[in-house]
Amino acid sequence: MIAGLPQANKSLFHKPDLFTLFTLIIGYRQHLRVVGTSMERTLKEGDLVTYKKLNPKNINLKIGDIVIASHPKTKNKLIIKRIHRIYQNKFDLRGDNSFSSTDSREFGLIELDLIIGKVDKVFSK
C-alpha cells in the first residue's frame with residue numbers, strides 16, 4: 001500500500017496485442033477512455049481500458065476488482081471504480097484517489113444491475 005491506496009495490479013497493464021484487438025472488433029470486449037482523476041495511481045486521465053461485460057449466469061466480482069458501472073444519480077454517465085466491499089447484491093464502489101472521487105460514500109451502495117463490466121486491461125496513455 002502507498003499512502004493508504006491499493007497497489008495497481010500490474011497484470012492489468014498491457015501493450016495492445018492481436019487477441020485484444022480481435023475481441024474489441026467482434027464486440028466481446030468494450031473499451032473506454034478514462035476521464036478524471038478519481039482512480040489515480042492506478043488509472044490516469046487518458047488511459048484506455050478494456051472491459052468484459054458481466055455475464056448474468058457467471059458473475060465473478062470480488063473486492064479489489066475495477067468495474068464500469070452506470071452512475072446511480074446521473075443518466076447516461078458511466079463511472080470507473082474499485083469494489084471496496086460487497087453486501088449480497090450491493091457494492092460499495094470507491095475511487096483510488098479519495099480526495100477526487102465521487103463514489104459510494106456520496107451516492108450509496110450500487111445495485112448489481114448497475115455494474116456493466118469488469119476492467120481486464122489498461123493501456124497507459
Side-chain angles (χ1 to χ4, degrees):
M1 304 270 276
I2 297 175
L5 298 176
Q7 292 289 323
N9 180 350
K10 297 298 182 197
S11 69
L12 289 176
F13 293 84
H14 296 277
K15 293 187 187 263
D17 56 35
L18 288 176
F19 178 75
T20 300
L21 295 173
F22 178 72
T23 58
L24 285 168
I25 290 168
I26 65 170
Y28 183 67
R29 284 192 169 72
Q30 305 294 315
H31 69 284
L32 288 174
R33 182 83 49 197
V34 175
V35 177
T37 60
S38 71
M39 287 297 293
E40 276 199 353
R41 293 270 172 127
T42 304
L43 303 175
K44 301 201 178 356
E45 185 152 14
D47 285 354
L48 182 72
V49 299
T50 63
Y51 64 95
K52 189 187 294 187
K53 287 187 175 183
L54 284 190
N55 177 350
K57 295 178 186 172
N58 183 21
I59 298 168
N60 184 20
L61 295 174
K62 60 188 181 301
I63 292 172
D65 286 346
I66 299 173
V67 296
I68 309 297
S70 294
H71 194 288
K73 305 287 184 189
T74 308
K75 271 191 160 185
N76 300 321
K77 182 177 182 181
L78 298 178
I79 56 175
I80 302 175
K81 304 293 177 192
R82 187 181 301 278
I83 297 175
H84 184 68
R85 289 200 176 102
I86 302 174
Y87 304 93
Q88 294 179 341
N89 282 336
K90 294 186 178 184
F91 296 82
D92 180 353
L93 301 183
R94 306 268 178 108
D96 288 353
N97 182 357
S98 59
F99 298 110
S100 174
S101 182
T102 302
D103 51 33
S104 287
R105 291 171 289 190
E106 182 173 318
F107 49 67
L109 299 177
I110 298 286
E111 298 281 343
L112 176 61
D113 63 344
L114 290 178
I115 297 180
I116 295 168
K118 179 177 166 180
V119 172
D120 61 354
K121 292 188 180 185
V122 177
F123 302 98
S124 294
K125 181 177 159 186

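- Between S104 and L109 the shortest heavy-atom distance is OG-CA, 4.2 Å.
- One hydrophobic cluster, built from ILVMFWY side chains closer than 4.5 Å, cannot hold both L78 and I115; they sit in different ones.
- With sequence neighbours excluded, no residue forms a side chain to side chain contact (heavy atoms under 4.5 Å, CB included) with N76.
- Applying the salt bridge (Lys or Arg N to Asp or Glu O under 4.0 Å) test to K90 and every residue at least two apart in sequence or in another chain returns E111.
- For R85, there are no salt bridge (Lys or Arg N to Asp or Glu O under 4.0 Å) partners, not counting sequence neighbours.
- Taking CD1 of I83 as the start and CG of L93 as the end, the distance is 6.5 Å to the nearest 0.5 Å.
- Here the side chains of D96 and L43 are not in contact, with every heavy-atom distance at 4.5 Å or above.
- In the hydrophobic cluster analysis, where Ile, Leu, Val, Met, Phe, Trp and Tyr join through side-chain heavy atoms closer than 4.5 angstrom, I110 is grouped apart from I68.
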Sequence neighbours excluded and cut-off under 3.5 Å, please list the side-chain donor-acceptor pairs for residues 32-39, or say none.
unit_1	atom_1	unit_2	atom_2	d
R33	NH1	G46	O	2.6
T37	OG1	S100	OG	2.5
S38	OG	K81	NZ	3.0

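- In the hydrophobic cluster analysis, where Ile, Leu, Val, Met, Phe, Trp and Tyr join through side-chain heavy atoms closer than 4.5 angstrom, I116 is grouped apart from L112.
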Report task. Apply side-chain contact (heavy atoms from CB on, under 4.5 Å) to L54 and L61, showing your working. Result -> CA-CA 9 Å; L54 284 190; L61 295 174; 4.0 Å; yes
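- Side-chain contact between V119 and V67 is absent, with no heavy atoms from C-beta onward closer than 4.5 Å.
- No donor-acceptor pair under 3.5 Å is formed between the side chain of R82 and the backbone N or O of R94.
- You'll find the side chain of V49 stays beyond 4.5 Å of the side chain of I66, heavy atoms only.
- Residues H31 and L48 approach most closely at CD2-CD1, 3.7 Å, considering heavy atoms.
- Evaluation of the side chain to side chain contact (heavy atoms under 4.5 Å, CB included) rule for K62 yields D65, K118 as partners, not counting sequence neighbours.
- Sorted pairs that involve residues 72-105 and meet ring-ring contact (aromatic ring centres under 6.0 Å, His included), not counting sequence neighbours, are lacking altogether.
- When all heavy atoms of T42 and D47 are compared, the pair lying nearest together is O-OD2, 4.3 Å.
- Smallest separation of non-hydrogen atoms from T102 and F107: O-CE2, 3.6 Å.
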